[in-house]
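As structure tokens, the structure follows; a few thoughts come after it.
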Protein chains: 2
Amino acid sequence: MAAVDRSLVANLPMFAGLTPTEQDELLREARSIRYSKGAAVFDQGAEADRFFVLLHGHLRVEKTTSQGQQSVARYVSAGELFGVAQAMNLTHYPATAVAAVDSIALAWPSSSWHRLIVKYPSLASTALQTVGSRLQDTQARVMEMSSEQVEQRVAHALLRLAKQAGKKVDAGVEIDFPISRQDVAEMTGTTLHTVSRILSAWEQQGLVEGGRQRIVLRDTHRLHSLAEGEEAVRANKRAP
Amino acid sequence: MAAVDRSLVANLPMFAGLTPTEQDELLREARSIRYSKGAAVFDQGAEADRFFVLLHGHLRVEKTTSQGQQSVARYVSAGELFGVAQAMNLTHYPATAVAAVDSIALAWPSSSWHRLIVKYPSLASTALQTVGSRLQDTQARVMEMSSEQVEQRVAHALLRLAKQAGKKVDAGVEIDFPISRQDVAEMTGTTLHTVSRILSAWEQQGLVEGGRQRIVLRDTHRLHSLAEGEEAVRANKRAP
DNA sequence: CGACGAAGTTGAGCTGGCGCAACCTGGGCG
DNA sequence: CGCCCAGGTTGCGCCAGCTCAACTTCGTCG
């Protein structure tokens with residue numbers, strides 16, 4: 001475990017509003033940990049003994065029901081606070097976090113949480129905002145799933161991914177980590193077959209560009225109209 | 001506005017962990033407001049100038065999409081903290097809260113939030129737990145909507161309502177406020193028609209007892225198996 | 001460099017539940 | 001006391017998207 005320099009983290013939301021001295025104090029209590037692609041940062045159901053800030057990389061957060069149904073809750077990007085189960089009074093992690101690419105995180109023991117928020121109230125505010133914006137996102141997903149067709153939901157999901165983890169590339173915006181059709185299906189509540197059909201149709205229209213575990217958005221504007229239901233690229237149109 | 005006695009609120013989560021003196025101080029800054037059935041406590045999109053604790057009654061929290069699609073996000077019961085938009089760094093309420101029955105709430109100005117959590121860190125903890133458990137619930141809903149049939153989702157929704165706001169009655173457990181088929185549909189992402197068919201079928205089996213804006217669960221045990229997908233009371237069974 | 005497996009594509013058929021429509025019912029108000 | 005209407009029920013037909021299945025492509029590991 002290497003010491004982490006303050007300059008690397010000073011502009012993260014979690015450290016904003018703290019003096020350099022306070023930042024150093026906080027950092028002194030943290031460990032920096034490296035996770036290689038595919039490794040789990042924590043597992044659903046495990047004791048929530050730490051909370052984290054992601055320094056580098058991307059994590060996929062997945063939930064599995066008792067019946068074995070799996071679903072992708074969200075992706076975590078660099079700078080975000082995550083694994084704050086303890087702060088919400090949970091004793092165990094409610095989901096699994098897996099490194100989608102090689103990643104680095106800072107970890108604090110959950111037991112310090114209470115002491116830290118008393119000492120640094122801004123920490124509590126940051127956590128509230130983090131959890132609050134997750135709640136917003138999740139509620140948005142519920143509304144999409146109640147009222148939108150699969151095609152719109154997939155469009156929304158891709159646009160959200162692009163906003164959160166989009167890398168500008170000559171052909172458009174590329175999702176910055178490997179993501180399968182199955183992953184997209186698990187984010188939108190559909191099957192990989194349907195996602196595949198939709199992406200194929202879109203590719204024909206020049207809306208996206210696919211590939212193995214790879215999605216590039218070529219026309220975010222039209223994807224937006226699709227997402228808002230202003231038009232539709234019917235995927236199962238029958239040839240006459 | 002009447003002064004609120006500490007003894008009425010001392011055992012609410014929000015006031016736990018505070019000394020009687022602190023409780024009094026907090027109360028002194030609050031206003032108590034009465035809402036009659038159907039009145040809005042706040043409207044989606046309005047400036048988030050206050051946060052609340054519900055003292056008595058039940059609220060329905062609804063969200064409407066830009067396309068006009070409405071959905072019920074949750075119900076608030078007595079004792080709960082709500083309307084904490086400001087704490088999540090939102091300037092406007094993301095949903096509308098309507099009194100499902102005559103209700104009473106305590107209100108604080110949002111502008112005091114920051115000062116209060118610095119003074120009473122336990123407030124921040126309470127808020128985090130509140131928001132956290134909402135996040136849990138919402139994520140559970142997403143998973144249900146991805147992997148369950150409508151019938152299971154309705155069963156889950158009713159059981160959740162009963163747990164949160166169930167009143168023991170001779171025939172079983174009654175939802176403690178008026179709730180329409182439409183409301184249930186908006187909680188489960190289906191249509192009032194489908195809910196009606198399902199409840200009718202269940203009523204024939206003696207699982208529930210219906211009525212205008214009224215639902216009584218008569219066999220929570222079988223409803224649980226239904227919710228877990230262990231059996232199914234097919235609603236559209238065709239007569240041979 | 002061959003072959004095995006993970007990821008993706010595509011076809012065909014079936015069905016849950018939605019949309020539409022007509023109708024019933026009980027509670028409240030004039 | 002009778003009318004009105006919000007809330008509820010029910011029948012019918014249709015189709016989006018799921019299931020099942022076969023096949024292709026790509027990457028990687030022995």
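Every value quoted in this text rests on a predicted model; they were computed, and no experiment measured them.
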* Is it true that a side-chain atom of B/D176 and a backbone atom of B/G166 form a donor plus acceptor pair closer than 3.5 Å? -> no
* Asked: Could you give the distance from CZ (B/R181) to CD1 (B/I215), rounded to the nearest 0.5 Å?
  -> 5.5 Å
* Nearest to the side chain of A/R197, which nucleotide is it out of D/dG17, C/dA12, D/dT25? -> C/dA12
* Give the intermediate values and the outcome of salt bridge (charged side-chain N to carboxylate O under 4.0 Å, His left out) for residues A/R160 and A/E144. => CA-CA 13 Å; A/R160 216 174 297 137; A/E144 286 174 19; 2.4 Å; yes
* side chain to side chain contact (heavy atoms under 4.5 Å, CB included) with A/V150: which of A/I198, A/T191, A/V195? -> A/I198
* Are OP1 or OP2 of C/dG17 and a side-chain N or O of B/T190 less than 4.0 angstrom apart? -> no
* To do: State which residues pass ring pair (Phe, Tyr, Trp, His ring centres under 6.0 Å) with B/F52; sequence neighbours excluded, sorted by chain then number.
  => B/F42, B/F82
* Write down the distance between NZ (B/K37) and P (D/dA6), rounded to a whole number of angstrom. => 15 Å
* To do: In whole angstrom, give the distance that lies between atom CD of B/Q204 and atom C1' of D/dT10.
  => 12 Å
* Using a cut-off of 4.0 Å on non-hydrogen atoms, how would the nucleic acid contact of B/T191 be classed: base, sugar-phosphate, or nothing? -> sugar-phosphate
* Asked: With distance as the sole criterion, is a donor-acceptor pair present between the side chains of B/E228 and B/H156 under 3.5 Å?
  -> yes
* Length of the line joining B/E148:CD and C/dG16:C1', which is rounded to integer Å -> 15 Å
* Asked: Within this structure, what is the NE2-to-P distance between B/H193 and C/dC20, rounded to whole angstrom?
  -> 9 Å
* Asked: The side chain of A/R212 lies closest to which of these nucleotides: C/dA7, D/dG8, C/dG17?
  -> C/dA7
* Structure fact -> B/Q149 CD to C/dC14 C1', in whole Å, measures 13 Å
* Between atom CD in B/Q213 and atom C1' in C/dG26, what is the gap in whole Å? -> 12 Å
* **Nucleotide nearest A/T194 (side chain, heavy atoms from C-beta), chosen from D/dG8, D/dC18, C/dC18** => D/dC18
* salt bridge (charged side-chain N to carboxylate O under 4.0 Å, His left out) between B/R153 and B/E148, intermediate numbers included -> CA-CA 6 Å; B/R153 304 207 300 264; B/E148 294 177 359; over 6 Å; no
* Roughly how many Å is it from CG in A/L192 to C1' in D/dG17, rounded to a whole number? -> 13 Å
* Structure fact -> Side-chain contact check for A/S196: nearest option of D/dT10, C/dT9, D/dG17 is C/dT9
* A/I215 has an atom CD1; how far is it from atom P of C/dA7, in whole Å? -> 14 Å
* Residue B/S200, side-chain atoms from C-beta onward, closest of C/dG8, D/dT9, D/dG8 -> D/dT9
* To do: To the nearest 10°, let me know how far the axis at one end of the helix from C/dC1-D/dG30 to C/dG30-D/dC1 is tilted from the axis at the other, five pairs an end.
  => 40°
